[in-house]
Amino acid sequence: MLKRLLPMAGHTRGNRSAVTCELKCGNACAHPVPNTSANPTFQQIAETAISRRSALVGGTGLAAAVVIGSQVAQAPEALADNGRRPTGGGKLPFEPIAPVTRTVDTMTVPEGYDWGTVIRWGDPLFADSPEFDIEHQTGASQAAQFGYNNDYLNIITDGGNDRSGYLVSNHEYTNENIMFSPEYIASNFEDVVNVGLQAHGLSIVDLKRAKRGAQWEYVRGGRRNRRITGTTEFEVRGPAAGHALLTTVEDPTGTRVLGTLNNCAGGTTPWGTVLSGEENFNQYFKGRGTAEEKRYGISTSATRRGWEKVHDRFDLTKPGYENEANRFGWVVEIDPEDPTSTPVKHTLLGRFKHEAGTAVISPSGHAVVYSGDDERHDYLYKFVSAEKVREGDKKHNMRLMDKGTLYVARFSGDSPAAQIDGRGTLPSDGAFDGSGEWIALADEKTSFVPGMSLAEVLVYTRLAADKMGATKMDRPEDVETNPVTGKVYAALTNNTKRTAVDEANPVIGNRDGHVIEITEQGGDHTSTAFTWVILLLAGDPAVSSSAYFAGYPKEKVSPISCPDNLAFDSEGNLWISTDGQPGTIGYADALHKVTLDGAERGRVQQFLAVPRDAETCGPVIHDRDNSVFVNVQHPGEDGTWGAHTSSFPDFLSPTGPVQVGDKVAAPRPSVVQVFNATGNNGIGKGAGKEKGNKGKGNNGKGKGNGNGKGPKG
Ligand code: FEO
Ligand code: CA
Ligand code: CA
């Protein structure tokens with residue numbers, strides 16, 4: 001009997017497959033909710049709590065929002081095109097596809113669109129990189145190749161040049177059971193661990209294309225090409241840098257950390273750097289069982305990947321390594337234009353399971369970064385810089401996160417608690433809505449949390465937020481700001497453990513998740529006050545009574561579940577990618593467009609579906625180029641070596657054999673571009689048509705199998 005490296009989970013209590021749950025987030029949903037604080041729901045928060053906060057932060061000055069002009073926060077026009085600001089180039093017209101059955105192993109895209117891979121796991125990045133050889137990967141080869149399970153993505157064109165640019169993508173986690181044969185794992189365990197370490201992190205890769213609107217290709221040996229991995233040296237910055245809580249026997253200074261792990265959603269800053277959130281870092285460490293470790297979900301059991309058996313630093317019980325896990329769980333910042341730069345971990349943005357790091361410039365010129373803590377019943381945060389952004393001064397701007405204030409969100413509803421029935425029934429005022437407050441936790445010099453030092457607030461931010469009465473949310477995933485309106489959108493992906501509802505988290509056992517729209521007071525992202533409204537309660541409206549789409553007719557929307565990553569097109573429409581639809585509404589994960597303004601506000605239209613077992617990640621909408629990019633993460637996740645469930649994107653084996661010629665038909669996580677090269681977008685041909693697309697694999701190797709037939713929905 002062949003030996004597996006990782007025991008397969010027998011069940012899942014979340015909405016992903018059991019394997020995804022186990023490998024992506026360390027089975028977070030199968031464990032008790034780490035937030036055991038008595039932190040009340042917001043209906044129970046008395047006004048005294050608000051008074052207390054005011055006393056603690058009094059005089060901060062940030063509450064006095066500066067409002068300029070249109071009240072829409074925008075970067076100065078000359079700042080870098082980060083691909084997420086209005087590009088002024090019209091729409092991306094398409095007829096929505098029907099939802100696709102979960103077993104279809106290809107991309108499904110709208111009529112008139114084509115797709116192709118830009119880069120895949122293992123593609124060589126440098127001139128001297130080894131070619132991908134799935135049966136003989138080593139740490140050294142993986143360190144020179146595109147990593148695994150890409151999540152965050154941005155595609156940045158070089159200013160004024162339509163034919164060159166680069167991509168930044170991260171690599172959240174690894175699935176050794178479909179990356180390696182059991183024989184290889186059994187006889188090369190140390191190599192398997194080191195490939196895993198090198199397959200995490202980020203990639204920066206130069207791109208080229210023949211002309212505007214064409215498909216991008218990656219440039220092997222490009223000048224910006226870089227791998228950042230689980231062993232790359234990072235500089236620790238901010239008030240906790242050098243603190244005893246961050247020191248280890250290998251780094252007594254507490255300022256140099258090797259690697260970044262479990263990077264999930266992120267963001268490109270207006271000054272051209274990339275922020276990336278270290279999310280489920282807990283699963284890589286064997287813990288001691290302290291209260292702080294438990295609050296972060298660190299187990300005392302052996303880890304599933306077994307890295308602690310090869311590298312002592314992943315075993316917190318080993319003398320000298322007690323603090324190693326404190327060195328993960330941060331927002332990291334990378335300058336993709338300078339391959340020699342040292343990436344940074346920012347302690348002033350707090351330590352938690354960061355999903356996202358979305359930077360925006362306030363009307364007053366300050367940098368504001370939003371981030372969610374993706375755990376059931378955890379919180380939504382933002383950071384406001386003390387200093388202002390200086391146009392064209394990247395060195396200064398990369399120091400903005402050294403000084404400023406970290407806040408956590410408290411939501412209040414405006415409807416009587418008795419009207420929030422837990423079934424998604426709208427209260428009598430017709431909306432789940434209300435106001436909210438950003439509660440200051442710390443600035444660069446001061447802790448605002450009674451009984452906790454500044455370093456403790458930053459290293460144990462979850463515990464600090466517990467004390468300050470933050471609102472327990474339904475797993476905050478991506479948080480993004482609308483470049484047209486300045487409003488802030490947070491995806492709450494799901495929370496099947498939700499029992500005590502509040503108006504911002506109004507569904508008991510919230511299986512399908514929801515999206516909240518936040519309006520900062522005066523349109524100023526530095527404000528400590530905001531209003532909010534639930535934009536949509538996800539679900540399949542054909543079967544879910546709680547599904548709600550801002551009042552838009554339910555029968556006219558695409559079903560949607562488990563919202564995860566968010567993006568905007570040039571007109572300010574919201575695009576939502578999903579993670580978990582197969583386990584909830586039974587369809588392949590998808591990318592949806594949601595209209596936000598006018599009579600069609602709340603209209604959800606499905607644009608694409610990803611291959612079997614995959615999650616849709618990192619959407620990038622370049623509508624002026626008729627292009628949409630997505631990261632296809634963990635295709636074939638539920639398979640095993642010898643029984644792969646997907647061979648995307650190379651389609652060596654669409655029908656099941658494990659080997660075709662001398663190649664193993666394993667899936668490869670990929671960056672995919674969906675584009676309209678013909679100008680025929682299918683408009684007017686009838687709604688809801690899904691199709692298998694004649695997808696083109698990268699480098700002419702992979703050909704789509706054309707089997708993408710989904711059910712009519
Ligand atoms: Fe990595 Fe919260 O998704
Ligand atoms: Ca209300
Ligand atoms: Ca995510």
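Just follow the structure's listing: the first ligand is 1, and inside any ligand the first atom is 1.
At a threshold of 3.0 Å, the Ca ion (ligand 2) has a backbone or side-chain N, O or S atom of Ser415 nearer than that distance. Put simply, Glu172 gets within reach of atom 1 (Fe) of ligand 1, with an N, O or S atom under 2.8 Å from it. Here Ala431 reaches the Ca ion (ligand 2): one of its N/O/S atoms is less than 3.0 Å from the metal.
If you look at Asp414 and ask which of its N, O or S atoms sits nearest the Ca ion (ligand 2), the answer is OD1. Summary: OD1 is the N/O/S atom of Asp433 found nearest to the Ca ion (ligand 2). Between the Ca ion (ligand 2) and the N, O or S atoms of Glu503, the shortest distance is to OE2. Residue Asp429 approaches the Ca ion (ligand 2) most closely through its N/O/S atom OD2.
Within the sub-2.8 Å shell of atom 2 (Fe) of ligand 1, the protein contributes these N/O/S atoms: Glu279 OE2, Glu355 OE1, Asp374 OD2, Glu477 OE1.
Inspection of the Ser561 and Thr584 side chains reveals an N or O donor paired with an N or O acceptor under 3.5 Å.
Two rings, from Phe328 and Phe285, have their centers less than 6.0 Å apart.
Taking 4.5 Å as the limit, every side-chain heavy atom of Glu172 sits out of range of all side-chain heavy atoms of His634.
Tyr489 is linked by a ring-ring contact (aromatic ring centres under 6.0 Å, His included) to Phe568, counting only residues two or more places apart in sequence or in another chain. In this structure Tyr284 satisfies the ring-ring contact (aromatic ring centres under 6.0 Å, His included) test together with His200, Trp307, sequence neighbours excluded.
Among Asn510, Asp378, Asp374, Thr493, the single residue meeting the side chain to side chain donor-acceptor pair (under 3.5 Å) criterion with Arg475 is Asp374. Of the candidates Glu355, His354, Lys382, Ser371 forms a side chain to side chain donor-acceptor pair (under 3.5 Å) with just one, namely His354.
Among pairs with a residue in residues 607-620, those fulfilling salt bridge (Lys or Arg N to Asp or Glu O under 4.0 Å) read Lys24-Glu615, at least two apart in sequence or across chains.
With a 6.0 Å cutoff to the six-membered ring centre and a 45° limit on the axis angle, Arg327 does not count as a cation-pi contact of Phe234.
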